[in-house]
S.K.: 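First, the structure itself, so that you have it in front of you.
For reference, positions follow the sequence shown, starting with 1.
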Amino acid sequence: MTIPNLRDKIKIVFFDIDETLIMKFEDILPDSVLPVIRKLKQNGIIPAIATGRSRCSLPTKIKALIAEEPIELFVTMNGQFSVFQNKVIEKHPIPTEKVQHLVDFFDAQQIDYAFVSDNNVAVSKITAKQKSALDPILTDYIVDKDYFKHNEVFQLLPFYDQSQDELVKNANILDGLRVVRWDKDSVDLFDAEGSKARGIASAIKRLGFEMENVMAFGDGLNDLEMLSTVGIGVAMGNARDELKKVADFVTDRIEDHGIYNFLVKAGLIED
């Protein structure tokens, strides 16, 4: 498929993090990522992050990247939290009473969980399954089973595998919530209306852009709405097949510098 020159159309580019900007399990940040951010900014295009992570759980190498070449716009926790220049644009915490209902169920089923906020990730207990899922993302979480009682919670991460999917689905606890599996041992639970697309919509409205001015790169199931909604949605070569089907374009794999290659072909940066 021929890639048109998009220099005059695209004003902002959102990047997913895991397996899009950084290879999570190998902890490898391709050396083309920093030049991408720098060249976009030099060309007057805003680089932004759209991730399922919270800001407190960004990978160390992404934090170092941002320290060297600042990124000011973040859509985090699957669209539940949008912030520009450290000022909150929009947020959608889960009501405390709903979190309590979920906690009661998971406790009864001996399923451990984590609470996700902008500032902290708090786990109910440290277990092998919890560590298997969470440790590749971050290890400086806290242990606080009552964290939700005193802090806004935007996502709940119960630690269970697919064998318990039906149990949770049929438990009548998911009203108003969406479930997205992100690991073999864990899912995201967040507001049913939530998605990266919603977070992006609130962000670009604040900045005075239209969705046609937005490009986004992603690889996973939580990128479906984002790539379907933005002006130009680009799936990584290593993306899930479901995402490639809805994307406008599919680029090379992350380890083959898919983002850099696509942006050069689309005229947004120079080689």
Side-chain angles (χ1 to χ4, degrees), residues 16-19 24-25 51-54 56-57 76-81 92-117 120-139 141-199 218-226 228 239-243 245-246:
D16 170 52
I17 290 180
D18 296 303
E19 310 308 330
K24 178 173 70 172
F25 294 104
T51 179
R53 293 175 181 253
S54 61
C56 70
S57 62
T76 63
M77 296 179 279
N78 290 311
Q80 307 312 298
F81 196 88
H92 300 276
I94 305 173
T96 302
E97 61 273 16
K98 185 169 288 188
V99 179
Q100 182 70 67
H101 188 48
L102 293 166
V103 164
D104 290 344
F105 170 79
F106 290 126
D107 284 345
Q109 299 297 324
Q110 296 184 319
I111 295 173
D112 295 299
Y113 43 84
F115 306 110
V116 182
S117 72
N120 279 301
V121 174
V123 300
S124 58
K125 186 191 299 183
I126 293 179
T127 68
K129 186 168 286 190
Q130 166 265 317
K131 288 178 68 65
S132 172
L134 207 51
D135 281 12
I137 295 176
L138 81 162
T139 55
Y141 42 78
I142 61 175
V143 180
D144 185 352
K145 200 171 184 301
D146 294 325
Y147 184 81
F148 72 100
K149 296 179 180 179
H150 312 290
N151 298 274
E152 288 183 323
V153 169
F154 295 87
Q155 291 182 177
L156 198 73
L157 311 181
F159 300 106
Y160 63 87
D161 59 34
Q162 289 182 320
S163 68
Q164 293 180 292
D165 280 353
E166 287 300 310
L167 168 70
V168 176
K169 180 181 177 181
N170 297 326
N172 297 318
I173 61 168
L174 300 177
D175 183 42
L177 296 172
R178 182 179 174 204
V179 183
V180 177
R181 180 164 292 281
W182 61 275
D183 185 87
K184 65 181 180 63
D185 287 322
S186 188
V187 299
D188 283 322
L189 295 183
F190 54 93
D191 184 76
E193 300 300 316
S195 69
K196 293 182 183 182
R198 180 173 70 173
D219 73 288
L221 297 180
N222 64 342
D223 297 317
L224 284 166
E225 294 86 359
M226 176 171 74
S228 302
R240 295 283 293 264
D241 288 340
E242 298 96 319
L243 192 68
K245 290 176 182 177
V246 306

S.K.: Hey, are the side chains of Lys145 and Tyr113 touching, using non-hydrogen atoms and a 4.5 Å cut-off?
M.R.: yes
S.K.: Can you tell me how far apart CG (Asp161) and NZ (Lys129) are? Round to the nearest 0.5 Å.
M.R.: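 Going from CG on Asp161 over to NZ on Lys129, the span is 4.0 Å.
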S.K.: Atom NZ in Lys98, atom CG in Leu189: separation rounded to 0.5 Å?
M.R.: 11.0 Å
S.K.: Determine whether Ser54 and Met77 make a side-chain contact, defined as any pair of heavy atoms from C-beta on separated by less than 4.5 Å.
M.R.: yes
S.K.: Which heavy atom in Leu138 sits nearest to a heavy atom in Tyr141, and how many Å separate them?
M.R.: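 Heavy atoms only, the tightest pair is O-CE2, 3.3 Å.
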S.K.: Measure across Arg178 and Leu221 and return the closest heavy-atom pair with its distance rounded to 0.1 Å.
M.R.: NH2-O, 4.4 Å
S.K.: Apply side-chain contact (heavy atoms from CB on, under 4.5 Å) to residues Asn120 and Asp144 and explain how you reach the verdict.
M.R.: CA-CA 10 Å; Asn120 279 301; Asp144 185 352; over 6 Å; no
S.K.: If you look only at distance, which donor and acceptor atoms sit under 3.5 Å apart when one is on a side chain in residues 165-175 and the other is two or more places apart or in another chain?
M.R.:
residue, atom, partner, partner atom, Å
Asp165, OD1, Arg181, NH2, 2.8
Asn170, ND2, Glu166, O, 3.1

S.K.: Quick check: are there more than 12 heavy atoms from other residues, nucleotides or ligands sitting under 6.0 Å from CD of Glu193?
M.R.: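 Open: at most 12 neighbouring heavy atoms sit under 6.0 Å from CD of Glu193.
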S.K.: Closest heavy-atom contact between Ser117 and Cys56?
M.R.: O-SG, 4.0 Å
S.K.: Nearest 0.5 Å, what's the OG-CG distance between Ser228 and Leu243?
M.R.: 7.5 Å
S.K.: May I have the step-by-step check of salt bridge (Lys or Arg N to Asp or Glu O under 4.0 Å) for Asp223 and Arg240, ending in yes or no?
M.R.: CA-CA 10 Å; Asp223 297 317; Arg240 295 283 293 264; over 6 Å; no
S.K.: Taking the side chain as every heavy atom from C-beta outward, state whether Ile94 and Phe148 have any atom pair closer than 4.5 Å.
M.R.: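 Side-chain contact under 4.5 Å: no.
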S.K.: According to the ring-ring contact (aromatic ring centres under 6.0 Å, His included) rule, which pairs have a member within residues 149-187, sequence neighbours left out?
M.R.: Phe81-Phe154
S.K.: State, yes or no, whether a side-chain contact exists between Val121 and Leu134 at a heavy-atom distance under 4.5 Å.
M.R.: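 A side-chain contact exists here, since the closest heavy-atom pair is under 4.5 Å.
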S.K.: side-chain hydrogen bond (donor to acceptor under 3.5 Å, both in side chains) with Asp188: which residues, sequence neighbours excluded?
M.R.: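 Scan of Asp188 (side-chain hydrogen bond (donor to acceptor under 3.5 Å, both in side chains), adjacent residues dropped) gives Asn78, Gln155.
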S.K.: Evaluate the side-chain proximity of Gln80 to Val116: yes if any heavy-atom separation is below 4.5 Å, no if none is.
M.R.: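 Sidechains of Gln80 and Val116: no contact.
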